[in-house]
Amino acid sequence: MKFFYYNLLLCILLLGCSNSTQMDDPIPVHDSFTIESKKVGETRTINVWLPEEYNTTTDSLPVMYMADGGIKEDFPHIANTFAQLIKDKKIPPMILVGIENTQRRRDLTGPTEVKKDKEIAPIVGGSESFRDFIKDELFPEINKRYRTSDKKGILGESLSGLFVVETFFLKPEMFDIYIAFDPSLWWNNHYLVQTAKEHLNNLPSSEKKFWFAGSSAKDISIYTNQLSKILIDVNPKNVKWTYSDEPKEKHNTIFRATKEKALIWSLGKIE
């Protein structure tokens, strides 16, 4: 019994199981297609939600990308949130692109020297290949299929949030907007936090937006709080950022609890 509860806790706090998919979210009208990816060596399913304005205007629209983007994952509730916020004119029209998972813990984690990290899945540390898939294969396919502007963002929670932060630090030119809910910054002995100052001092001159949140999960909040302090100290000139400290939220509630304010802050001023 103790073993069962230990593994359940590990799943909730560390692995970012599909904690946002327990509710019966209506599945919005959307497109789905597959890509034969050379970068990750497998077929990937892509789900795309389009706002009503896409069919009533000829405008090119910005794009928000998300991992955990399967129909049985976080895509439905995020697409429904986009639809409502756009309807209420709280954010501008935007395309949502969800990437359905295959081996989530492989794709969303970078390399690690920590033995315990390596025990969460048969293969970890594949974030570079996954990022190359998005940049070199998915971006061109989305741009070919849809009317897209040059504005792009990415959002994610837990391990997906870790991937968002890692991308912001390692390949900041990929996106204009980065949104990370309870990112698993403990990964690889909190390496991203340890090296944050170095990365922040080497960001490109183009303007970036970075929104992130931390729940009451002790293994996460300690590092999101540290990252917030580092951002205050470094004060990067070309980054508009905000940290949403959410001690009343749990790891499995923070995504739904904060998604609207994250999107409004991050997207409300896109032109």
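Just so it is clear, the values below take in all heavy atoms, side chains as well, and ignore hydrogens, waters and symmetry mates. We're numbering straight along the sequence, starting at 1.
No donor-acceptor pair under 3.5 Å is formed between the side chain of Y146 and the backbone N or O of L61. Using modelled atom types, no side-chain atom of D107 and backbone atom of G126 make a donor-acceptor pair closer than 3.5 Å. Judged by distance alone, the side chain of S158 and the main-chain N or O of S160 form no donor-acceptor pair under 3.5 Å. Here the side chain of E260 pairs no donor or acceptor atom with the backbone of L85 at under 3.5 angstrom. The backbone N or O of N189 sits less than 3.5 Å from a side-chain atom of Q194, completing a donor-acceptor pair. With hydrogens and angles disregarded, no donor-acceptor distance shorter than 3.5 Å links the side chain of T195 to the backbone of E198. A distance-only check finds no donor-acceptor pair linking the side chain of D136 to the backbone of K39 [under 3.5 Å]. Not a single donor-acceptor pair under 3.5 Å links the side chain of S228 to the backbone N or O of T224. Of the possible donor and acceptor atoms, one in the side chain of N80 sits under 3.5 Å from a partner among the backbone N and O of P26.
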- Message: For a side chain to side chain donor-acceptor pair (under 3.5 Å) check, start with the C-alpha distance between T253 and E249, then their side-chain angles and the critical distance, and finish with the verdict.
- Response: CA-CA 6 Å; T253 65; E249 298 299 335; 2.7 Å; yes
- L192 and W186: side-chain contact (heavy atoms from CB on, under 4.5 Å), yes or no, with the steps? CA-CA 9 Å; L192 288 179; W186 47 265; over 6 Å; no
- Take N101 and D68 through the side chain to side chain donor-acceptor pair (under 3.5 Å) test and state the conclusion after the steps. CA-CA 6 Å; N101 284 314; D68 296 334; 2.8 Å; yes
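For the 3.5 Å distance criterion, the side chains of S205 and N238 fail to qualify, holding no donor opposite an acceptor.
The nearest pair of heavy atoms linking P28 to W49 is CB-CD1, 4.0 Å. Annotation for D59 and R147: closest pair O-NE, 3.0 Å, computed over non-hydrogen atoms. In this structure, F133 and I46 approach most closely via the heavy-atom pair CZ-CD1, 4.2 Å. Taking each heavy atom of W187 and P111 in turn, the nearest pair found is NE1-O, 3.6 Å.
The distance from atom OG of S127 to atom CG of L170, rounded to the nearest 0.5 Å, is 7.5 Å. Rounding to the nearest 0.5 Å gives a distance of 4.5 Å between CD1 of I254 and CG of D182. With rounding to the nearest 0.5 Å, the separation of NZ in K208 from CG in L200 is 13.5 Å. Between K259 atom NZ and F82 atom CZ the span is 10.5 Å, to the nearest 0.5 Å. R105 CZ to S184 OG: the interatomic distance, rounded to the nearest 0.5 Å, is 11.0 Å. Going from atom CG of L155 over to atom CZ of F163 covers 12.0 Å, rounded to the nearest 0.5 Å.
Between K261 and E246 there is a salt bridge, since at least one side-chain N of the basic residue sits less than 4.0 Å from a carboxylate O of the acidic one. The existence of a salt bridge linking E141 and K144 is confirmed by a sub-4.0 Å separation between a basic side-chain nitrogen and an acidic carboxylate oxygen. The pair E137-K38 does not meet the salt-bridge criterion, since no charged nitrogen lies less than 4.0 angstrom from a carboxylate oxygen. Contact check on K209 versus D176 returns no salt bridge, with no Lys/Arg side-chain nitrogen under 4.0 Å from an Asp/Glu carboxylate oxygen. With salt bridges taken as basic N to acidic carboxylate O contacts below 4.0 Å, one links E42 and R106. With respect to the salt-bridge test (charged N to carboxylate O, under 4.0 angstrom), the residues D25 and R256 qualify.
Linking ILVMFWY side-chain heavy atoms closer than 4.5 Å, directly or via other members, places I27 and F75 in a single hydrophobic cluster. In terms of hydrophobic clustering, with Ile, Leu, Val, Met, Phe, Trp and Tyr side chains grouped at heavy-atom distances under 4.5 Å, Y65 and M174 are assigned to a common cluster.
Using cut-offs of 30° and 60° on the angle between ring planes, the pair F181 and F255 is tilted.
Centroid-to-centroid, the aromatic rings of H199 and F168 stay 6.0 Å apart or farther. Note: Y243 and F212 meet the aromatic proximity criterion, with ring centroids under 6.0 Å apart. A distance below 6.0 Å separates the ring centres of F139 and F175.
No more than 12 heavy atoms of other residues, nucleotides or ligands shown are found within 6.0 angstrom of NZ on K250. E52 CD: 12 or fewer foreign heavy atoms inside a 6.0 Å radius. Within a 6.0 Å radius of OH in Y54, more than 12 heavy atoms belonging to other residues, nucleotides or ligands are found. The number of heavy atoms from other shown groups lying within 6.0 Å of CD (E119) is above 12.
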May I have the list of side-chain donor-acceptor pairs in residues 87-96 shorter than 3.5 Å, sequence neighbours left out?
residue: D88; atom: OD1; partner: Q84; partner atom: NE2; Å: 3.1
residue: D88; atom: OD2; partner: Q84; partner atom: NE2; Å: 3.1

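Under the 4.5 Å side-chain criterion, counting only non-hydrogen atoms from C-beta, I179 is in contact with M64.
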